[in-house]
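Quick caveat, the model's predicted, so the values are computed rather than measured. Atoms within each ligand, like the ligands themselves, are counted from 1 in listed order.
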Amino acid sequence: MAFPILHARLLLLFVLPSWPLVFSQANREIHLGSSLVASDNSSPWRSPSGEFAFGFYQLGNQNLFLLAIWFDKIPEKTLAWYANGDNPAPEGSKVELTSDGQLILNDPKGDEIWRPQTTLNGVTHAYMLDAGNFALVNGDQNSTHVWESFKNPADTVLPTQVLEIGGTVSSRQAESNYSKGRFQLRLLPNGNLVLNTFDLQTNTAYDAYYWSNTYDAANRSNSGERVIFDESGRLYVVLQSGENVILKSGSAESTGGYYYRATLDFDGVFRIYTRSKLQNNGSWVQSWHVPKDICSEIRGELGGGSCGFNSYCVYDKNGRPTCECLPGFFPVDPDNKLDGCKHNLTQKCEAGGSNPEDLYQKREVSNLFWPYSANFEKKDSLNEDVCWKSCLYDCNCVVAVHNEGTCWKKKMPLSNGRANWSIHGKTMIKVPKYDASSGMPPLQDPIRGKKKDQGTLILVGSILLGSSVFLNFLLAALISLVRSSSSQKRHKLIRSSSILETNIRSFTYEELKQATDGFREELGRGAFGTVYKGVLSSSSSEI
Ligand SMILES: *[C@@H]1O[C@H](CO)[C@@H](O)[C@H](O)[C@H]1NC(C)=O
Ligand SMILES: *[C@@H]1O[C@H](CO)[C@@H](O)[C@H](O)[C@H]1NC(C)=O
Ligand SMILES: *[C@@H]1O[C@H](CO)[C@@H](O)[C@H](O)[C@H]1NC(C)=O
Ligand SMILES: *[C@@H]1O[C@H](CO)[C@@H](O)[C@H](O)[C@H]1NC(C)=O
Ligand SMILES: *[C@@H]1O[C@H](CO)[C@@H](O)[C@H](O)[C@H]1NC(C)=O
Ligand SMILES: *[C@@H]1O[C@H](CO)[C@@H](O)[C@H](O)[C@H]1NC(C)=O
């Protein structure tokens, strides 16, 4: 009898240590009572393939952590979802799937940091699924997903993830700040998929700057019902009629070999990224994005546009939008360029103050444009110097724009500023003299790289203007030569100056009705008039 017992023991010894491992790799069920602790060496809950992990992601080299899901087989561990972006967890925090089926993130003192917003009933276990979805499951009811990360997106949508009506994706504040940012992607109740800016303080959505056009007021069956991102990286809106409206077609390459993600980046652009699974040295490649030109396409009158107030949008050398302060201005938040700029001009409006000539000096930039221009005065037939003086002595004026003999005076805040070669005219900015030497970038042209035909001459013109009287004469001669020789060009210049002035176009009643109907449901809070106008001018970019 001794032999079989020995045998059984050996067997037991052999089986026992490996049994939990085999079990957990086979189905990855996360049991009630399981927990993870935030520390730099905690091991996450991985999906069966190992491609995704759920756990604590350390922020930079701070001792702060996000409860997150990330691509676990690539070196950068790109985040696909995060729970507590606004409220990072200190080291020692704990996430627990409690014995009564709740998912709770507590700090080391036991105070709650985060939990799912819906009531969780009947959760028997959880899964980290291979698609990148973390699901709380009711095993007694056909494995229903009581809660899942796919239904509660952060800034990223993964293949097989579906955005239902009301679904919202939010940007983060900055590259490495996961607090909620100023941009949203939403599938509106009317079926349109839109991108809009958003006021974090009041929870209000501003005008859309992209929309999928999947809304038909006359026929609901032509309106969107859900948005699907599929395994081949295809993004499309499914209409109520069942038809698909493709926003981005899938890739022809074998789908298994690539990772895809669609992320609303902190700069407000919604991008689809692709990455080879095979090359370990690979990187995320952008394969699609909307809007095509965010600097020009954000036009809403309210909310400060893509860059916040008193700054301007310009593309960097990689073609990414970035935000710059006007000369003499500095960032409201040095860590977040999208938060706008300010200055500390304190000109008194009462008479008898100091002479503004002693307090302020002029800085010049060309090719800047404000579609909602903050103009409060326009004067024809003023030369540049008189235009400048008129602003200098006016306590309400911060910027004067001079173009073709017309002078506009602008007040704060300046919103939706952008740099664009095809915009002419000189921007003159009032800058305190004490700031003159310190903390200001050297005067430079806002646009690096891209040149546009008709803008070039005028740009060269403005540089020369600033540098020498002699060249001034030369330029004047040149400009009048060009003008008289090309009446067509002249027509263009006049048109662009009228754009500078008002940026208002006329629309047919049909256009108006369509555009406003498309957004009334969600974007109208508070100020209908302005919202309509914003949408209209946006839609003008489509014409
Ligand atoms: C479980 O699924 C089956 C088949 O899909 C369905 O007939 C049944 O009603 C479901 N049961 C529950 C409790 O949802
Ligand atoms: C992220 O930005 C917010 C808002 O600007 C700020 O309050 C927060 O401290 C930042 N978080 C980190 C981790 O830097
Ligand atoms: C609505 O659109 C669907 C799909 O295009 C079409 O089949 C249907 O006839 C339309 N209904 C009306 C009332 O126009
Ligand atoms: C990445 O690695 C592959 C083979 O491992 C190599 O062929 C390729 O040149 C590498 N690419 C870069 C950018 O280093
Ligand atoms: C104006 O702002 C700059 C930059 O923050 C600061 O260094 C300077 O002290 C400010 N001046 C006044 C008068 O507030
Ligand atoms: C300049 O503005 C025009 C008209 O708004 C626009 O079509 C063009 O894309 C802009 N160019 C740049 C570089 O922003």
Side-chain angles (χ1 to χ4, degrees), residues 38-40 55-68 70 76-79 81-93 105 107-108 111 113-114 154-156 165 169-184 189-193 197-204 206 212-226 236-247 263-268 303-311 322-323 325 329-342 413 510 513-514 517-518:
S39 73
D40 48 14
F56 286 101
Y57 175 90
Q58 190 164 8
L59 284 175
N61 43 19
Q62 311 169 63
N63 274 340
L64 289 173
F65 296 81
L66 295 182
L67 182 63
W70 59 85
E76 308 99 286
K77 310 269 182 265
T78 311
L79 294 193
W81 179 84
Y82 42 89
N84 56 324
D86 289 324
N87 194 7
E91 187 165 12
S93 297
L105 170 61
D107 73 10
D111 292 333
I113 294 179
W114 176 86
D155 66 353
T156 293
I165 293 279
V169 174
S170 296
S171 68
R172 56 200 203 220
Q173 284 266 332
E175 185 79 63
S176 54
N177 184 329
Y178 293 82
S179 270
K180 206 174 256 177
R182 290 174 45 238
F183 305 97
Q184 288 184 324
N190 70 20
N192 242 336
L193 180 71
T197 49
F198 182 76
D199 180 39
L200 293 160
Q201 260 97 50
T202 59
N203 271 356
T204 341
Y206 295 122
S212 58
N213 269 325
T214 49
Y215 167 58
D216 184 348
N219 188 340
R220 286 293 292 172
S221 64
N222 293 329
S223 295
E225 196 171 54
R226 65 177 68 91
Y236 58 100
V237 181
V238 182
L239 305 182
Q240 293 190 359
S241 64
E243 246 178 278
N244 295 340
V245 173
I246 308 287
L247 303 180
T263 300
L264 177 54
D265 283 321
F266 66 91
D267 58 13
S306 57
C307 286
F309 294 111
N310 307 317
S311 57
T322 176
C323 300
C325 291
F329 286 68
F330 46 91
V332 171
D333 175 359
D335 296 328
N336 185 1
K337 287 180 118 184
L338 280 72
D339 226 19
C341 307
K342 58 180 179 181
E510 254 58 48
K513 187 168 165 250
Q514 232 179 334
D517 271 348

Quick one: side chains of residues 334-342, donor-acceptor pairs under 3.5 Å with protein atoms, not counting sequence neighbours, listed by atom name and distance.
unit_1 : atom_1 : unit_2 : atom_2 : d
Asn336 : OD1    : Leu338 : N      : 3.1
Asn336 : ND2    : Gln173 : OE1    : 2.8

Does Asn219, backbone or side chain, put an N or O under 3.5 Å from an N or O of ligand 3?
-> yes
Close N or O approach (Glu243, ligand 3; < 3.5 Å) = no
In chain order, what residues pass the ring-ring contact (aromatic ring centres under 6.0 Å, His included) check against Tyr82, with sequence neighbours excluded?
-> Tyr178
Show the short N or O contacts, below 3.5 Å, that ligand 2 makes with protein N or O atoms; if there are none, say 'none'.
unit_1   : atom_1 : unit_2 : atom_2 : d
ligand 2 : 2 (O)  : Asn177 : ND2    : 2.3
ligand 2 : 11 (N) : Asn177 : ND2    : 3.0

By side-chain contact (heavy atoms from CB on, under 4.5 Å), Pro108 pairs with (sequence neighbours left out) Pro90, Ser93
For Asn244 and Val238, indicate whether the former's side chain and the latter's backbone hold a donor-acceptor pair under 3.5 Å.
-> no
Check whether any side-chain heavy atom of Leu105 lies under 4.5 Å from a side-chain heavy atom of Phe56, and answer yes or no.
-> yes
Would you find more than 12 non-hydrogen atoms of other residues, nucleotides or ligands less than 6.0 Å from Lys77 atom NZ?
-> yes
Answer yes if the side chains of Ser221 and Asn219 hold a donor-acceptor pair under 3.5 Å, and no otherwise.
-> yes
